[in-house]
Trainee: 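Here it is, the structure, as structure tokens.
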There are 2 protein chains.
Amino acid sequence: MEWRLDKDRPICPQIEELLAAGIARGEFAAGERLFSVREVALQAGVNPNTVQKAFSELERDGLIFSRAGSGWFVSEDTSRAVRQVEELARLRTAAYYQGMRALGKERPDMIRMLEEVSDE
Amino acid sequence: MEWRLDKDRPICPQIEELLAAGIARGEFAAGERLFSVREVALQAGVNPNTVQKAFSELERDGLIFSRAGSGWFVSEDTSRAVRQVEELARLRTAAYYQGMRALGKERPDMIRMLEEVSDE
DNA sequence: ATTACTGTATTAGTACAATAATACGGTTTG
DNA sequence: CAAACCGTATTATTGTACTAATACAGTAAT
């Protein structure tokens, strides 16, 4: 797994989102064991405490669960991950739309710029 | 002017962006006097220091300038504001696109969601 | 000139995210 | 059993954004 983290945004939610997206798209199957906290911290170049926090919040959301001393595992019900990612995508889209409106851009401008950006 | 600030993002750049956008779209003409630091702070409900910092950075970018004791004014060359806002819109669009890709969304998904969001 | 605004600067305090360095106990494996 | 992994918890420290409370000097109007 590639941990492409944006330095200008809080790391913890980014780890949550990347993992949730991986589960939602089926990259990690139900019941499968995940990387350990220390592994992720090493790979992503962040502090283990930050990873632990991210995992704990995903556990609170019911996406993953831990067995003390053994590791982290994907929950049986992966539909939660799908719904959570869908909701996040909607929120991001709304934020993008409002932000662009504040800059004086309308929907056609956004679509045009999206096409420019994705043609690279 | 309406100062609609997002609590979950740093305030200072938000003020910069709103003001730059106002200049870019011609809401504030070249040479025109702007609100005072204290006025903006009061209207937006933030600290005067934060507004001062935002204004100073816009001055560094050449969008506005100050006359000590008198106030802040829009620079003669407003094309800088236009270019700056255009660049910001591009950056935002790229960030949105990459972020959505990380969530497993493709361009058609984004355009569909944009249409859903803007129909409200 | 006095008054009431301006911009500007300084210092301190608060809140939060992330880092750093450990420590403890559970699980697995040889 | 012992070693090497796990998750978990704690305390301290750093960096940043923002707030708070002033203070000082320039400008403009009465």
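Numbered from 1 within each chain, the chains take letters A, B, ... in sequence-line order.
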Trainee: Which is more 5' along DNA chain C, the nucleotide nearest A:R38 or the one nearest B:A68? Just name the residue.
Mentor: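 The answer here is B:A68.
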Trainee: What's the shortest heavy-atom distance between B:V85 and B:A24, and which atoms?
Mentor: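 That closest heavy-atom pairing would be CG2-CB, 3.8 Å.
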Trainee: Using the side-chain heavy atoms of A:Q52, tell me which of these nucleotides is nearest: D:dG7, C:dT8, D:dA20.
Mentor: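 The nucleotide sitting nearest to the side chain is D:dG7.
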Trainee: When you check the gap from the basic side-chain N to the acidic O, do B:E17 and B:R9 get nearer than 4.0 Å?
Mentor: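 The answer is yes: the pair qualifies as a salt bridge.
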Trainee: Determine whether any donor atom in the side chain of B:R67 lies under 3.5 Å from an acceptor atom in the base of C:dG7, or the reverse, and answer yes or no.
Mentor: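 Result: no qualifying N/O pair found.
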Trainee: Of A:N47 and A:G69, whose closest DNA chain C nucleotide lies nearer the 5' terminus?
Mentor: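 Comparing both residues, the 5'-ward one is A:N47.
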Trainee: Can you tell me which nucleotide in C:dA17, D:dA17, C:dT19 comes closest to the side chain of A:K53?
Mentor: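 In terms of side-chain proximity for A:K53, the closest of C:dA17, D:dA17, C:dT19 is C:dA17.
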Trainee: If only side-chain N and O atoms of A:W72 are considered, is one of them under 4.0 Å from the OP1 or OP2 phosphate oxygen of D:dC6?
Mentor: no
Trainee: Within the structure, does a side-chain N or O atom of A:T50 lie under 4.0 Å from either OP1 or OP2 of C:dT19?
Mentor: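 Checking A:T50 against C:dT19: at least one side-chain N or O falls below 4.0 Å of OP1 or OP2.
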Trainee: Take atom CD of B:E39 and atom C1' of C:dT6, then tell me their distance rounded to the nearest Å.
Mentor: 10 Å
Trainee: Examine D:dC6: is either OP1 or OP2 under 4.0 Å from a nitrogen or oxygen in the side chain of A:S36? Give yes or no.
Mentor: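 It does, given that an N or O in the side chain of A:S36 lies less than 4.0 Å from OP1 or OP2 of D:dC6.
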Trainee: Starting from P on D:dT16, measure out to CG on B:D8 and report it in whole angstrom.
Mentor: 21 Å
Trainee: Can you identify which nucleotide, out of D:dT19, D:dA28, C:dG7, has its nearest atom closest to the B:S70 side chain?
Mentor: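 Of D:dT19, D:dA28, C:dG7, D:dA28 is nearest to the side chain of B:S70.
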Trainee: Find the distance A:F65:CZ to D:dT8:C1' and express it as a whole number of Å.
Mentor: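 In whole Å, D:dT8 C1' and A:F65 CZ are 17 Å from each other.
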Trainee: Rounded to whole Å, please give me the gap between CZ in A:F35 and P in D:dG7.
Mentor: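 Checked: the CZ to P distance equals 12 Å.
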Trainee: Would you mind checking if A:R83 and A:E87 are paired as a salt bridge, meaning a charged N to carboxylate O distance below 4.0 Å?
Mentor: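 No salt bridge links A:E87 with A:R83.
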Trainee: Rounded to whole Å, please give me the gap between CZ in A:F73 and P in C:dT27.
Mentor: 11 Å
Trainee: D:dT16 C1' sits how many Å from A:K7 NZ, rounded?
Mentor: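 Going from A:K7 (NZ) to D:dT16 (C1'), I get 11 Å.
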Trainee: Could you state the atom-to-atom distance from CD of B:E59 to P of C:dA9 in whole Å?
Mentor: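 Distance, rounded to whole Å: 10 Å.
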Trainee: What closest approach, in Å, do A:S118 and B:R107 show between heavy atoms, and which atom pair accounts for it?
Mentor: OG-NH1, 2.7 Å
Trainee: Let me know the distance between CG of A:N49 and C1' of D:dT11, rounded to the nearest Å.
Mentor: 11 Å
Trainee: For B:Y96 and A:Y96, take the angle between the two ring planes, folded into 0 to 90°, and tell me which bin it lands in: parallel under 30, tilted 30 to 60, perpendicular over 60.
Mentor: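 Geometry flag for A:Y96 against B:Y96: parallel rings.
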